[in-house]
Amino acid sequence: MQTDLLSENMSEKEEMKDITKEASSKEETSSSFVLDIHDLSKMYGVFSAVNNLTLQVKKGEIFGFLGHNGAGKTTTINMLTTLLEPSSGSGTVAGYDIVEEALEVRRKIGYLPENVRFYDSMTAYENLDYFARLSGISKPDSRIWDVLDFLDARTYAHKKISTLSKGMRQRIGIAQAIIHEPEILFLDEPTSGLDPFGVKQLRDVILRLNSEKGITIFMNTHLLQEVTKTCSTIGVLNHGNLIYLDSLSNTMKRFRDEKSLEDIYLNIENSKEE
Amino acid sequence: MLSLDIAKNEVRHLFRERTFFLILSVFILITLASTYIGWSSQHTVESVYQQSVLTLTAAGKNIPPSPFSNLPPLDIVKNMIIYVVLIGSLLAITIGHAIGTKDQKAGVVRILFSKPLTKKDYLMGKLISMSMVLFAITGVSLIISVISVAILSQISSALLLNLIEFYAISYVYMLGFGFLGLSFGLMKKESATALLIPIIIWVLITFALPEMGSALYPTSSLNPVLPQTNILDSPMLSAIHNVLYPFSISEHYKVLSSLTLGLQQTTTTAYVAYPPLISLSILVIWLLATLGVSVRSVSGFDISRGDIYE
């Protein structure tokens with residue numbers, strides 16, 4: 001019995017080696033991809049933070065980008081949000097080149113950094129007003145209230161940021177990211193530091209953003225439980241290399257013998273190490 | 001347009017900071033102090049003179065002319081020159097530093113640059129806010145000086161114009177330091193280093209260069225009076241002076257300020273100063289150079305950066 005399981009796992013590992021290629025070669029037209037990157041790399045001297053990353057995300061997806069600490073997830077998000085210039089490779093976000101058309105990309109994206117922070121001496125409303133203006137909205141008042149209502153955060157509008165809880169700040173963080181109605185939202189470890197209640201609230205917000213507003217979500221995370229509850233597709237990054245890419249449903253089928261996604265993740269990571 | 005939004009936000013933020021009001025208070029205080037000290041010293045000497053006149057008249061002796069009879073009316077604000085050199089420029093560095101490091105301290109740089117904001121807009125916003133804040137402070141100082149002079153001495157349209165010219169020159173001089181504070185605030189990853197470097201430059205410009213340039217009067221920069229003794233000269237000292245004097249920004253500022261206030265030359269160097277137009281050009285070059293440093297600092301500004309180290 002044990003041998004059978006082992007051999008099955010081995011065959012799964014063999015199968016995984018070609019998964020990235022399979023996923024990339026899906027017969028999709030490029031217009032259906034809101035994110036399309038090819039051989040994207042980022043070098044810091046001789047250290048390769050991200051290595052030849054090729055990835056497509058379809059419109060309307062919730063993409064979970066998994067990986068251990070230091071795998072290169074944040075570097076990838078920084079490149080996709082045009083905060084960091086890639087060392088090589090190319091990519092488009094919402095149809096615009098991430099290097100040549102950085103400002104156009106920024107008009108189409110929303111971004112929530114890990115451990116989001118604001119101007120503490122200003123209220124939530126003032127912060128949102130400022131970021132909305134920078135997003136190109138000249139009269140942001142009604143938009144601010146709409147977004148705060150959507151996030152159920154109206155009552156916190158005139159409170160100073162320094163008085164808000166981590167969960168509320170995270171909501172205000174999402175508010176600034178969606179105030180200009182982006183096509184794609186980049187979330188870097190959005191549930192980091194939240195209590196279970198906060199995690200659940202944020203998960204609901206992410207799902208509603210996707211279903212009600214049609215926003216594509218690209219989410220960095222290492223909380224596997226969140227991935228199973230929110231993501232439609234997952235990618236696994238290991239030491240800067242994409243080692244796995246497939247839909248969540250296919251992943252669950254492929255690794256049906258594993259007890260949880262955590263086991264699947266470890267299985268994928270271990271297969272790469274081997 | 002985005003730069004104006006940034007400038008507005010900077011000003012709004014500064015107006016909520018205790019540091020800003022502290023700086024404003026200090027500046028108002030030194031303006032008042034400068035006029036009062038100028039008036040007080042004149043008043044004291046004048047009182048002594050009047051008593052001497054009575055004594056000399058009673059003794060039937062000749063009465064010498066009043067030591068202040070030929071002094072220009074704006075002599076009472078002359079201390080302001082040295083206050084701007086010593087305190088005003090430091091305050092400008094502090095404001096620039098606060099504006100340059102604010103977003104990094106707040107940890108919002110990545111959010112800011114995930115918006116369609118260029119580094120050029122960002123820098124423009126910062127420069128505009130720096131200029132506006134310093135303009136407001138200098139303006140308040142000018143108004144206080146005008147009122148003080150009107151109360152303690154006399155004011156005319158010509159004197160008012162002189163005061164405006166003096167504050168305009170002071171503004172240009174201080175703004176350069178403000179731009180330096182801002183530039184290093186953007187450039188450096190540690191807040192302390194970002195503040196220390198412009199202060200070192202300030203020390204060089206305010207003390208080191210004038211002292212080395214004048215060579216014979218190492219403490220004279222603290223006291224803007226003409227040397228009362230004969231000057232020992234040597235080819236080496238002249239050579240040092242010739243090389244360093246163009247860079248003695250504070251010296252050029254002092255010369256120009258003295259001229260606009262109608263004072264006697266108050267340069268601390270033992271050598272002949274440049275013509276006013278050249279000194280003014282050097283001040284303008286100083287401002288443009290610091291502006292250049294700002295442009296350079298923002299081009300290397302890491303927008304994926306998180307917080308600045310305290």
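Every chain is numbered from 1 and lettered A, B, ... according to where its sequence line falls, protein lines coming before strand lines.
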Are there over 12 heavy-atom neighbours, none belonging to [X], within less than 6.0 Å of that residue's [atom1]?
{"X": "B:Arg296", "atom1": "CZ", "result": "no"}
{"X": "B:Lys119", "atom1": "NZ", "result": "yes"}
{"X": "B:Phe247", "atom1": "CZ", "result": "no"}
{"X": "B:Tyr122", "atom1": "OH", "result": "yes"}
{"X": "A:Phe150", "atom1": "CZ", "result": "yes"}
{"X": "B:Phe21", "atom1": "CZ", "result": "yes"}
{"X": "B:Lys120", "atom1": "NZ", "result": "no"}

- Task: For chain A, find which of B:Asn9, B:Ile303, B:Leu117 contributes the most heavy-atom pairs closer than 4.5 angstrom.
- Result: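 Looking at each of B:Asn9, B:Ile303, B:Leu117 in turn, B:Asn9 comes out on top.
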- Query: For the side-chain contact (heavy atoms from CB on, under 4.5 Å) test, which of A:Arg106, A:Arg133, A:Gln176, A:Arg107 pairs with B:Lys115?
  - Reply: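 So, applying the side-chain contact (heavy atoms from CB on, under 4.5 Å) to B:Lys115 and each of A:Arg106, A:Arg133, A:Gln176, A:Arg107, only A:Gln176 qualifies.
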Identify the heavy atoms of [X] and [Y] that sit nearest to each other, and give their distance.
{"X": "B:Phe113", "Y": "A:Thr82", "value": "O-OG1, 4.5 Å"}
{"X": "B:Ser114", "Y": "A:Leu83", "value": "N-CD2, 4.1 Å"}
{"X": "A:Phe118", "Y": "B:Val108", "value": "CA-CG1, 3.6 Å"}
{"X": "B:Pro116", "Y": "A:Ser135", "value": "CD-CA, 4.0 Å"}
{"X": "B:Ser304", "Y": "A:Leu84", "value": "OG-CD1, 3.6 Å"}
{"X": "B:Leu2", "Y": "A:Leu134", "value": "CD2-CA, 3.7 Å"}

- Residue A:Glu104 versus chain B: region with a heavy atom under 4.5 Å: neither
- Non-hydrogen atoms of chain B under 4.5 Å away: do they reach the side chain of A:Asp120, the backbone, both or neither?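 Neither the backbone nor the side chain of A:Asp120 comes within 4.5 Å of chain B.
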- Task: Answer yes or no: is there a donor N or O on one side and an acceptor on the other, between the side chain of B:Arg110 and the main chain of A:Val116, under 3.5 Å?
- Result: no
- Task: Without swapping roles, check the side chain of B:Arg16 against the backbone of A:Ser121 for a donor-acceptor pair under 3.5 Å.
- Result: yes
- Query: Is there side-chain contact between B:Leu112 and A:Tyr130, with heavy atoms separated by less than 4.5 Å?
  - Reply: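 Contact flag for B:Leu112/A:Tyr130 side chains = yes.
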